[in-house]
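The block underneath contains the structure these notes are about, expressed in structure tokens.
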Amino acid sequence: MLHVGDAVNLALDCLFPQQCVGCGRIGRFICCDCSAHLPFLHPPLCPHCGQPQMSGILCANCAGRTSSVVFIRSAFRFEGTVRQAVHELKYRKVRAIGPLLASYMEPVLREVDYAPDLIVPVPMHPRRKRRRGYNQADILARSVGRLVSIEVRTDAVQRSRDGVSQLQSGTGARRWSNVQGAFACTNRLVSGKRVLLVDDVCTTGATIEACATALRSGGAAEVAAMTVAREV
Ligand SMILES: [Zn+2]
Ligand SMILES: [Zn+2]
């Protein structure tokens with residue numbers, strides 16, 4: 001039997017047929033050929049930041065630094081078809097691609113065997129969210145939450161300062177100072193909880209670190225993070 005949601009999706013598919021973000025073929029967001037060549041991130045990885053690391057021990061960046069986040073993991077390298085898919089989700093309002101990307105995050109979460117109490121998307125500044133109409137991290141977090149049956153809270157942490165966009169801002173020290181103190185966690189709902197932060201892309205890890213610091217100040221017992229992709 002066809003459910004209402006299925007019927008709506010079917011109607012939407014007819015109105016807006018899915019097109020492969022990799023090659024343009026009509027049918028699915030990522031066609032079979034392109035899905036066979038996705039840039040998966042495979043171990044060995046730095047156990048903390050998830051960068052590919054031949055030795056599988058802490059990378060030079062993580063070794064000398066204390067952190068508010070226990071680990072960061074990503075499904076993909078931020079390149080090729082995945083870069084295009086994130087771009088569609090983020091800038092071209094193709095929200096329906098979110099659940100597909102989240103479906104690749106779920107096995108990574110199972111692989112690290114992490115069971116958080118709460119899933120929290122990295123928030124967008126309210127002004128930016130109004131302009132875009134949605135936060136892509138909310139879509140990803142809700143989709144992952146549905147797949148692993150864990151509660152998602154989009155109100156756990158607030159973005160009090162609007163930084164430049166992740167994909168456009170510079171790298172290194174400038175970005176770290178850009179996002180430091182950009183988040184605030186004022187309600188107590190994270191108190192004592194193990195939180196999984198979800199975002200689309202991890203570039204330097206600065207945004208995740210700043211957000212995790214706010215959550216820990218708000219009482220979170222532990223914060224881990226997952227993104228669709230990361231720069232390597
Ligand atoms: Zn394709
Ligand atoms: Zn590292």
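Bear in mind the structure is a predicted one, so any value in this text is a computation, not a measurement. In each ligand, atom 1 is the first atom listed, and ligand 1 is the first ligand listed.
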Mind listing the side-chain donor-acceptor pairs of residues 96-109 below 3.5 Å, one per line with the distance, residues two or more places apart or on another chain?
from : atom 1 : to   : atom 2 : distance (Å)
S103 : OG     : L100 : O      : 2.5
E106 : OE2    : R110 : NE     : 2.5
E106 : OE2    : R110 : NH2    : 2.7

Report all side-chain donor-acceptor pairs from residues 50-60 shorter than 3.5 Å, counting only partners two or more places apart or in another chain.
from : atom 1 : to   : atom 2 : distance (Å)
Q51  : NE2    : E231 : O      : 3.4
S55  : OG     : I57  : N      : 3.3

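Around the Zn ion (ligand 1), the angle linking C31 (SG) with C20 (SG) is 110°, rounded to 10 degrees.
Neighbours of the Zn ion (ligand 2) restricted to protein N, O or S atoms under 2.8 Å: the count is 4.
The main-chain N or O of V223 is never found under 3.5 Å from a side-chain atom of R216 such that the two would form a donor-acceptor pair. Within the 3.5 Å criterion, the main-chain N or O of A137 finds no donor-acceptor partner in the side chain of D199. Under the 3.5 Å distance criterion, the side-chain polar atoms of N187 are matched with a main-chain donor or acceptor of D155.
For residue C32, no N/O/S atom approaches the Zn ion (ligand 1) to within less than 2.8 Å.
Here Y114 pairs with F71 under the ring pair (Phe, Tyr, Trp, His ring centres under 6.0 Å) rule; sequence neighbours left out.
Taking the centre and axis of the six-membered ring of F78, the NZ or CZ atom of R230 falls outside the cone set by 45° and 6.0 Å.
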